[in-house]
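Treat the numbers as computed from the prediction; the structure is a model and nothing was measured. Chain identifiers are assigned alphabetically (A, B, ...) following the order of the sequence lines, protein sequences preceding nucleic acid strands; residue numbering begins at 1 within each chain.
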Amino acid sequence: MTPAELAALIASSLRALQSAGALPAGELPSDVVVERPKNREHGDWATNVAMQASSQLGLKPREFAELLAPELQKADGIAKVEIAGPGFINITLSAGAAGEIARIILDAGESFGLGDSLKGQNLNLEFVSANPTGPIHIGGTRWAAVGDSLARVLQSQGAKVTREYYFNDHGAQIDRFARSLLAAARGQEAPEDGYSGAYIDQIAKQVLAETAQDVLSLAEEQAQEVFRASGVELMFAEIRQSLHDFGVDFDVFFHENSLYESGAVEKAIARLRDLGHMYELDGALWLRTTEFGDDRDRVVLKSDGEAAYIAGDLAYYLDKRGRGFDRCIYMLGADHHGYVQRMMAMCAAFGDEPNVNLEIMIGQLVNLVRDGQPVRMSKRAGTVVTMEDLVEIVGVDAARYALVRSSINSMLDIDLALLEKRTNDNPVFYVQYAHARTKQVANNAASLGVDRSEFDPALLSHPSEEELLAKLTELPRVVAQAAEFREPHRVARYLEEVAGAYHRWYDQCRVTPMSGAAAETIHRSRLWLNDAAGVVLRNGLSLLGVSAPERM
RNA sequence: GCGUUUGUAGCUCAACGGAUAGAGCAUCUGACUACGGAUCAGAAGGUUGGGGGUUCGAGUCCCUCCAAGCGCACCA
């Protein structure tokens, strides 16, 4: 008996009571919440449905509960139903009903935790999208970890997900990048508004090496164009490689420049003009975003005839929708949160529904600190931490886990001193060790003749077993919630709880018999639980893009 | 000034509007010649930034004040 099954049972009982006239007509809650009570004396599972729904039906919570409780009592697998406090319904399962989950998990294997709550949705998830003017730093690394994990979580719920990277290879920043490369190749100082650093010199050198002609003798503009074209290409390749090494592979790398070359920008503008949302003023072309909630209108074509940045966004969004995506999810850093309103306005201007067809997630930035003191990212001071740096210091698993275990709404502090110490205080090791332990236990069991030839769930009755079973049961709900709220960190937090429950169980319940003793049913039954825990840990880690090692 | 995110244990962070606010790290005390001690048990640590409000119930929702991050271009 799982909480999901209990919730279904409660929902159907309520409908039955209503149709029998025992319960007044009225709207029932669409989602019945069944939770593990914090206090063990409150039973195995509890629901607050009576408090949620009673007022709709004109009843007091306890009256509502009095009607529902006897119905639940009748079901198989339920030993006791009690009403407590303001109207909580506390449910205690009968012996063995909880232990069955071990069998369910092992039968499901890799598919345990999957759901269909997003079935049929075609999602575009855009993340990282860092400018190709330098390596990905720690901020972008956060979005790589979170975005990829979110993609996995969404896919686990049946959604079709396209991971997309918007490559800003058009505009003034790229020009600055090209000028910087050219200057470096000539051995000159970086331009005032340009980029500098070892990577600039390195790429400049590569461009020189790869170009057959004598670039430096070309006219200024042509030389710059050469550096632009191949510099961007090299940077792009490097970024792509870093991401790949980080375990993040995109389905689509979309080049901003292509929108201009294909005429998509002009088409998008024409479309908005036809819809009557454009006007001209002071020689510029404006989009009337204020009509859709923005605080000021936005220039799309500047008075000098050049396209403003938003022009690309218009065309890009239209392109995504044209490729059949129901929802376009953008993950942006907090330094871009000012764009949300205009993007939503743009969405509405096209006749789409903001927050449905276009979804924008704003993630807070990563701060670098050293011994508690903030450190400014500065190339000169050598405090720029790139994705590659981070991976080199702590490894992919630890880096991804550390970045994905917090809500994106919270600003994250990364302590350089802690990183340099390479300490093992990352909870990822706690979780991975639990998984490795399940494997070692299974190996020991096999060598001592303990197998899964028999299973008596009622024997899994030790308090630590009940806790572990209850925890394992929750994976599907946790993953579904993580997908619904776009919060993959929930999976990580959950795994830490599973690992804790597993370690405590390991400490108190032996799978293998003591030396000299014979293997009994209880040992075999516990092996089922041990293996089930391993499946949950492995499936969960996989959603985070973190490995589940068999030994550490 | 306006917008936005955040404020929870010494530190880093959790907690679909639910019962006694939780983990990890750090600190202190323990763990049997028993499946790996990267573990476990226990202690200590909190007026959830302050103040109002909404309701059966608020860390969570609303208002306000304080503090911090990030934005407020015909830049990208």
Find the distance A/Phe88:CZ to B/C16:P and express it as a whole number of Å. 14 Å
Minimum-distance nucleotide to A/His503 side chain [options: B/A14, B/C70, B/U39]: B/U39
Atom-to-atom span, CH2 of A/Trp505 to P of B/U39 - whole angstrom: 18 Å
Test A/Arg526 against every option in A/Glu465, A/Glu520, A/His462 by the side chain to side chain donor-acceptor pair (under 3.5 Å) rule and name the one that passes. A/Glu465
Can you see if the side chain of A/Arg296 gets near the phosphate of B/C2 - specifically, an N or O under 4.0 Å from OP1 or OP2? no
Base-pairing mate for B/U54 - Watson-Crick or G-U, with both contacts under 3.5 Å: none
Once you apply the 3.5 Å cut-off to both distances, tell me the Watson-Crick or G-U wobble partner of B/G3, or none. B/C70
Under a plain distance cut-off of 3.5 Å, with no hydrogens placed, do A/Thr521 and A/Glu454 share a side-chain donor-acceptor pair? yes
Which of these nucleotides, B/A19, B/C74, B/G3, is closest to any side-chain atom of A/His337? B/G3
Any N or O donor-acceptor pair under 3.5 Å from the base of B/G18 to the side chain of A/Asn48? yes
Check this one for me: any side-chain N or O of A/Tyr430 less than 4.0 Å away from OP1 or OP2 of B/C40? yes
Report which part of the nucleic acid A/Asn168 touches: base, sugar-phosphate, or nothing (heavy-atom distance under 4.0 Å, all strands). nothing
Nearest to side-chain heavy atoms of A/Ala46, which nucleotide of B/A15, B/A19, B/G37: B/A19
At under 4.0 Å between heavy atoms, what does A/Glu35 touch on the DNA or RNA strands: base, sugar-phosphate, or nothing? base
Please evaluate residues A/Arg510 and A/Asp507 with respect to the criterion salt bridge (charged side-chain N to carboxylate O under 4.0 Å, His left out), reporting the C-alpha separation (whole Å), side-chain torsions for both, the decisive distance (0.1 Å), and the verdict. CA-CA 8 Å; A/Arg510 291 184 58 88; A/Asp507 199 57; over 6 Å; no
Is there a donor and acceptor pair closer than 3.5 Å between the side chain of A/Asn90 and the base of B/A19? yes
Under 3.5 Å side-chain donor-acceptor pair for A/Glu497 and A/Tyr502: no
Residue A/Gln364, side-chain heavy atoms: nucleotide from B/G22, B/C16, B/U5 that is nearest: B/U5
Can you tell me how far C1' of B/A38 sits from CZ of A/Arg504, to the nearest Å? 16 Å
Any side-chain N or O of A/Tyr309 less than 4.0 Å from the OP1 or OP2 oxygen of B/C74? no
Please give the distance between the C1' atoms of B/C11 and B/A58 as a whole number of Å. 27 Å
Is A/Pro61 touching bases, backbone alone, or none of the nucleic acid, heavy atoms closer than 4.0 Å? nothing
Residue whose nearest RNA chain B nucleotide is more 5′ - A/Tyr433 or A/Arg490: A/Arg490
So, is A/Lys38 close to the B/A19 phosphate, meaning a side-chain N or O under 4.0 Å from OP1 or OP2? yes
Considering every strand and a 4.0 Å limit on heavy-atom distances, what is the contact class for A/Ala284: base, sugar-phosphate, or nothing? base
A/Asn426 CG to B/G24 P, straight-line distance once rounded to whole Å: 14 Å
Say you pick atom C1' in B/U29 and the same atom in B/U33; how far apart are they, in whole Å? 23 Å
So what does A/Leu412 touch, heavy atoms closer than 4.0 Å: a base, only the sugar-phosphate, or nothing? sugar-phosphate
Testing the 3.5 Å rule here: is there a donor-acceptor pair between the side chains of A/Asn530 and A/Thr438? no
Rounding to the closest angstrom, what is the interatomic distance between B/G59 and B/U47 at atom C1'? 12 Å
Hey, is the side chain of A/Asn39 pairing donor to acceptor with the base of B/U20 inside 3.5 Å? yes
Suppose we define a pair by two distances each less than 3.5 Å, Watson-Crick or G-U wobble; what does B/U47 pair with here? none
What's A/Arg342 touching, base or sugar-phosphate or nothing? Going by heavy atoms closer than 4.0 Å. base
With sugar-phosphate meaning primed atoms plus P, OP1 and OP2, does A/Gln440 contact a base, only sugar-phosphate, or nothing at under 4.0 Å between heavy atoms? base
Using the ring of each side chain (for Trp, its six-membered ring), is A/Tyr330 parallel, tilted or perpendicular to A/Tyr316, with breaks at 30° and 60°? perpendicular
Distance check, P atoms only: B/U64 and B/U60, in whole angstrom units. 16 Å
Pairing donors with acceptors under 3.5 angstrom, does anything connect the side chains of A/Thr92 and A/Asp44? no
Hey, which sits more toward the 5' end of RNA chain B by its nearest nucleotide, A/Gln341 or A/Met411? A/Gln341
Nearest to side-chain heavy atoms of A/Gln52, which nucleotide of B/A34, B/G36, B/C16: B/C16
Rounded to the nearest Å, what distance is computed from the CG atom of residue A/Asp295 to the C1' atom of nucleotide B/A73? 12 Å
Between B/A14, B/C74, B/G71, spot the one nearest the side chain of A/Val299, thanks. B/C74
Quick one: sort the A/Phe253 and A/Tyr165 rings into parallel, tilted or perpendicular, breaks at 30° and 60°. tilted
By nearest atom, which of the nucleotides B/C74, B/A19, B/C70 is closest to the A/Ala84 side chain? B/A19
Got a donor-acceptor contact below 3.5 angstrom from the A/His435 side chain to the A/Pro549 backbone? yes
For a quick test of reading the model: is some side-chain N or O of A/His489 closer than 4.0 Å to OP1 or OP2 of B/A15? yes
Nearest whole angstrom, please: distance from the P of B/A73 to the CD of A/Glu306. 20 Å
Taking only the side-chain nitrogens and oxygens of A/Asn409, find out if one of them lies under 4.0 Å from OP1 or OP2 of B/U6. yes
Would you mind reading off the distance between A/Arg510 atom CZ and B/G36 atom C1', rounded to a whole angstrom? 12 Å
Roughly how far apart, to the nearest Å, are B/U8 and B/G46 at atom P? 14 Å
A/Arg551 side chain: which of B/G36, B/C16, B/A14 is closest? B/G36
Kindly indicate whether the side chain of A/Val546, heavy atoms from C-beta on, has any atom under 4.5 Å from the side chain of A/Val396. no
Does A/Ser515 reach a base, just sugar-phosphate, or nothing at all? Heavy atoms under 4.0 Å. nothing
Distance between the C1' atoms of B/U4 and B/G10, in whole angstroms? 30 Å
With heavy atoms under 4.0 Å as the rule, sort A/Gly85 into base, sugar-phosphate or nothing. nothing
For the P atoms, the ones on B/C16 and on B/G53, what distance do you get once it is rounded to whole angstrom? 26 Å
Distance test, side-chain N/O of A/Ser410 to OP1/OP2 of B/A14, below 4.0 Å: yes
Kindly point out which of B/A14, B/A34, B/A38 is positioned nearest to the side chain of A/Met552? B/A38
Once you round it to whole Å, what is the distance between P of B/G22 and CZ of A/Arg405? 17 Å
Any idea which of B/C56, B/A19, B/G36 is nearest the A/Pro37 side chain? B/A19
Determine the Euclidean distance between corresponding C1' atoms of B/G57 and B/G49; express it in Å to zero decimal places. 23 Å
